[in-house]
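Per chain, numbering begins at 1; letters A, B, ... match sequence-line order. Heavy atoms only: backbone and side chains are in, while hydrogens, waters and symmetry mates are out.
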2 protein chains.
Amino acid sequence: MVTLKEVAERCNVSATTVSNVINGKAKTSEETKNRIMQVIKETGYKPNTIAQGLRVKKTRTIAVIAEDIAQFTSPPMIESIMETCEKKGYRVVVHNLRLYDRWSDTWYGQEDEYHSVLDPVIKDILSAQIDGVIYLAGHARIIKTFNAGFNLPIVMCYAYSESPHIPSVVIDDEKSSYEMVSYLIKMGHERIGFIGGRMDNIHTAQRLMGYQKAMYENGLLFDPKLVYYGDWSRKAGHEGAKALLERNVTAIFGISDRMTGGVYDYLEEKELIVGKDISVAGFDNESIAEFFRPKLTTTELPLREIGAKSAELLLDKLEGANGDSQIGDEPKVYKYPCKMIIRRSVSEK
Amino acid sequence: MVTLKEVAERCNVSATTVSNVINGKAKTSEETKNRIMQVIKETGYKPNTIAQGLRVKKTRTIAVIAEDIAQFTSPPMIESIMETCEKKGYRVVVHNLRLYDRWSDTWYGQEDEYHSVLDPVIKDILSAQIDGVIYLAGHARIIKTFNAGFNLPIVMCYAYSESPHIPSVVIDDEKSSYEMVSYLIKMGHERIGFIGGRMDNIHTAQRLMGYQKAMYENGLLFDPKLVYYGDWSRKAGHEGAKALLERNVTAIFGISDRMTGGVYDYLEEKELIVGKDISVAGFDNESIAEFFRPKLTTTELPLREIGAKSAELLLDKLEGANGDSQIGDEPKVYKYPCKMIIRRSVSEK
DNA sequence: ATGAAAGCGCTAACAC
DNA sequence: GTGTTAGCGCTTTCAT
């Protein structure tokens, strides 16, 4: 690898001048500038990022801490984060906590185990002189980890923060659910089953709120018996469908496509035809949704938008756009709407 | 950030000694060693990777160049690469070429466009003093890019190399296809339709070879009319099923689950029942396969194994395990078997 | 067993 | 406009 110094020698100028030309700092005569560019081209010289980083204390590298890249939501967000960063000349390193792979859902609140995997990652990030961090959650939740002495710019993606210094970018669960349930009501359904995740899950709470709001606005009574709490699994959808059908629902809203798959399973067992005998709606618009029969009406997650926005926020912070101009007491939350995808699983009652 | 020097001062020793203790180089008295460790703990000192990298010329960082992380095959491989590397204390940075996102399938052979996205990435990798590279393809193909003056250790993952210096890790397409077709034959099928990707695609060629081998070994004639070349899309599966059904096949082997989805579509239109009137097998065991009805018999890709093996090969090279001990003229190819997943879409004839 | 000095490749401050 | 000097944080001879 040819170095700055070597380029300088070949041109009979100082290292400074070459550095200036490359970074467009001080003014340099056209002549020497040309000569230097020429030699750079000839030798294929590339600045050594490591040396630059050591000197400038900026590596133009950001880290993504992903709770689990195997969650179907992660890759699109990561991809758009990378795209956004690369455009502005930032590198991205991804750290994968593999939280769900290791402990499925059991690590919630297990602070010790959580930190046993997070801390080495943070240590590494600090050692590597990373400029900023995007924390990428597997499911929406409130992340409390970075409140303390963590003084790298950071933004929460697909999760909420507690600190006013950490903005978060999330989907608008409530509104999206409200829209879907309103649609179901418009199609004539009044007894609508709701299959959620765990009760203390943010997606679940907010989507339930949207459901209730839609009922309320249409003058419909909210029957708590029509709510079933599952665990996002296909099996939970199956069980939920069973429980709900006993309560004479005409439509079932499963808040993940995966769970809705279980609803289809149960309905098939009972020889009930989806989109005819009973209407079904999902959430996520995962790739599977298009392979259901009938194809599933569901809600598409704006994952790429969320990733891009997170990256933009972080880069703005790094470039000191408007710094922490006016932080209030509350963390700033950017909510992105989802998009309803109408297919064939919902019919008029 | 506290530095080595500061730790040294606090301990009244030289930087050298601290460095020695941390890296276990020279022998140091137990006493000073303890004192130093103590201070390191107190101050939370972490070596600066950048400075280390500059000095030692090893960054303990490898790069993954992914053709497209949005391909469903990529995340599992990346994940296991990361897992393997982290275990050995290596960082990984992922670069995403987004080849399929940009140009779907049209970039094959478009050297100029391909290089316009690859070259900046390589430049960046060189600048960042990366120790080694894993090239992660979206589909199996022969990569010719790195033959020339690229002198970083590199391994091909999910693709073939041309150079004897670059090992590749791939799936055993031929054998896996052979097994599936043998199974179909065992179930009594003799006229088996084959829906492939493009004719010049390696997966397609090798899986077709496996098909032919199974036919041959069972004394069955291979009818070329039973082969349909598609483009991996659901639509292609639909068209393929139409063409093949006219030729009176009793089973259809679609070499991607996605295409097989199109086969199901067509069969449904014709009111033919999969797993009864006609048998269907897929390939990939993508998540959708389990949501087909009936559930799809298919072949699972050993993606995590392939990723892990690639990483191991690269790390071995880096640690100079047995160097390029005995390179022949041919690139070394590691082939991994896939696993047949029998579900409900194939029945006895 | 420990330390002094040099230097990895680069840029910032300042001088000329 | 261009060069000199110093130093980012670390490891590596080579002395002692």
Side-chain angles (χ1 to χ4, degrees), chain A residues 1-40 43-61 89 91 123-131, chain B residues 1-40 43-61 89 91 123-131:
Chain A
M1 276 287 76
V2 33
T3 70
L4 217 203
K5 204 172 143 204
E6 284 164 39
V7 173
E9 276 162 11
R10 286 217 197 198
C11 297
N12 295 315
V13 293
S14 73
T16 306
T17 305
V18 178
S19 173
N20 283 155
V21 168
I22 291 172
N23 301 307
K25 290 278 169 161
K27 46 228 131 273
T28 317
S29 76
E30 277 304 311
E31 195 205 314
T32 45
K33 195 182 288 182
N34 289 149
R35 195 150 34 100
I36 290 171
M37 294 309 282
Q38 177 64 23
V39 173
I40 287 180
T43 55
Y45 165 75
K46 290 164 190 53
N48 180 324
T49 321
I50 299 290
Q52 259 173 196
L54 181 60
R55 180 67 241 227
V56 181
K57 256 94 167 292
K58 289 262 167 294
T59 51
R60 292 189 81 78
T61 304
R91 241 152 284 119
K123 195 170 157 180
D124 192 89
I125 285 174
L126 261 14
S127 289
Q129 308 292 107
I130 295 294
D131 294 341
Chain B
M1 277 286 76
V2 34
T3 69
L4 217 206
K5 203 172 144 203
E6 285 163 39
V7 173
E9 277 162 9
R10 287 218 196 198
C11 297
N12 295 316
V13 293
S14 73
T16 309
T17 305
V18 179
S19 173
N20 282 154
V21 168
I22 291 172
N23 301 305
K25 290 277 170 167
K27 45 225 130 280
T28 316
S29 76
E30 276 304 313
E31 196 205 316
T32 44
K33 196 182 288 181
N34 289 148
R35 194 149 35 99
I36 290 171
M37 294 309 282
Q38 177 63 24
V39 172
I40 286 181
T43 55
Y45 165 74
K46 290 164 191 54
N48 181 324
T49 322
I50 299 290
Q52 258 173 195
L54 182 59
R55 182 65 239 229
V56 180
K57 258 94 166 293
K58 289 262 168 291
T59 51
R60 292 189 83 77
T61 303
R91 241 152 284 119
K123 194 171 158 182
D124 192 90
I125 285 174
L126 260 15
S127 289
Q129 308 292 107
I130 295 294
D131 294 341

Checklist entry - Between C/dT2 atom P and B/I22 atom CD1, what is the distance in whole Å? => result 15 Å
Next on the checklist: The side chain of B/A51 is closest to which nucleotide in this list: C/dG9, D/dC10, C/dT2?
Outcome noted: D/dC10
Checklist entry - Closest nucleotide of DNA chain D for A/T32 versus for B/Q52: which of these residues is on the 5' side? => result A/T32
Item to check | Test item: B/T59 side-chain N/O and B/G53 main-chain N/O as donor-acceptor pair under 3.5 Å | outcome: no
Checklist outcome for this item: Between CD of A/E9 and C1' of C/dC10 the distance, given in whole Å, is 14 Å
Checklist outcome for this item: Of the listed D/dC10, C/dT11, C/dC10, the closest approach to the A/N48 side chain comes from C/dC10
Item to check | Side-chain donor/acceptor of A/S19 to base of C/dA12, under 3.5 Å | outcome: no
Item to check | Along DNA chain C (nearest heavy atom to each residue), the more 5'-positioned of A/K5 and B/K33 | outcome: B/K33
Checklist entry - What about A/T16, does its side chain sit under 3.5 Å from the base of C/dA12 through a donor-acceptor pair? => result yes
Checklist entry - Is the distance from OP1 or OP2 of C/dA1 to the nearest side-chain N or O of B/S29 less than 4.0 Å? => result no
Checklist entry - Counting only N and O atoms by type, is there a donor-acceptor contact under 3.5 Å from the side chain of A/T43 to the main-chain atoms of A/V39? => result yes
Item to check | d(NZ, A/K25; P, C/dT11) in whole Å | outcome: 9 Å
Checklist entry - For B/R60, does the CZ atom sit with more than 12 other heavy atoms under 6.0 Å from it, leaving out its own atoms? => result yes
Next on the checklist: Can you measure B/L4 atom CG to C/dT2 atom P for me and round it to whole angstrom units?
Outcome noted: 15 Å
Next on the checklist: Heavy atoms only, 4.0 Å cut-off, all strands: where does A/N23 land among base, sugar-phosphate and nothing?
Outcome noted: sugar-phosphate
Checklist entry - Of all the choices, C/dG9, D/dT12, C/dA12, which nucleotide is nearest to the side chain of B/L54 once you look at every atom? => result C/dG9
Next on the checklist: In whole Å, I'd like the distance from the CD atom of A/E6 to the P atom of C/dC10.
Outcome noted: 9 Å
Checklist entry - So B/E6 and B/R10, side-chain contact (heavy atoms from CB on, under 4.5 Å) or not? Walk me through it. => result CA-CA 6 Å; B/E6 285 163 39; B/R10 287 218 196 198; 5.7 Å; no
Checklist entry - Is B/N48 reaching over with its side chain to a backbone N or O of B/I50, donor-acceptor style, under 3.5 angstrom? => result yes
Checklist entry - Of the nucleotides D/dG1, C/dT11, D/dT4, which one has an atom closest to the side chain of A/V56? => result C/dT11
Checklist entry - Rounded to whole angstrom units, what separation is found between the CZ atom of A/R55 and the C1' atom of D/dC8? => result 6 Å
Checklist entry - When the distance from NZ of A/K58 to C1' of C/dA12 is rounded to whole Å, what number comes out? => result 15 Å
Next on the checklist: Side chain of A/K57, heavy atoms from C-beta onward: which of D/dG9, C/dG9, D/dT2 has the nearest atom to it?
Outcome noted: D/dG9
Checklist entry - What nucleotide, of D/dA6, D/dG9, D/dT2, holds the atom closest to the side chain of A/T17? => result D/dT2
Checklist entry - Whole-Å distance between C/dG9 P and A/M1 CE? => result 11 Å
Next on the checklist: Pair A/T17, A/S14 - check side chain to side chain donor-acceptor pair (under 3.5 Å), show working.
Outcome noted: CA-CA 5 Å; A/T17 305; A/S14 73; 3.2 Å; yes
Checklist entry - In terms of the nearest nucleotide of DNA chain C, which residue is placed more toward the 5' end: B/S14 or A/Y45? => result B/S14
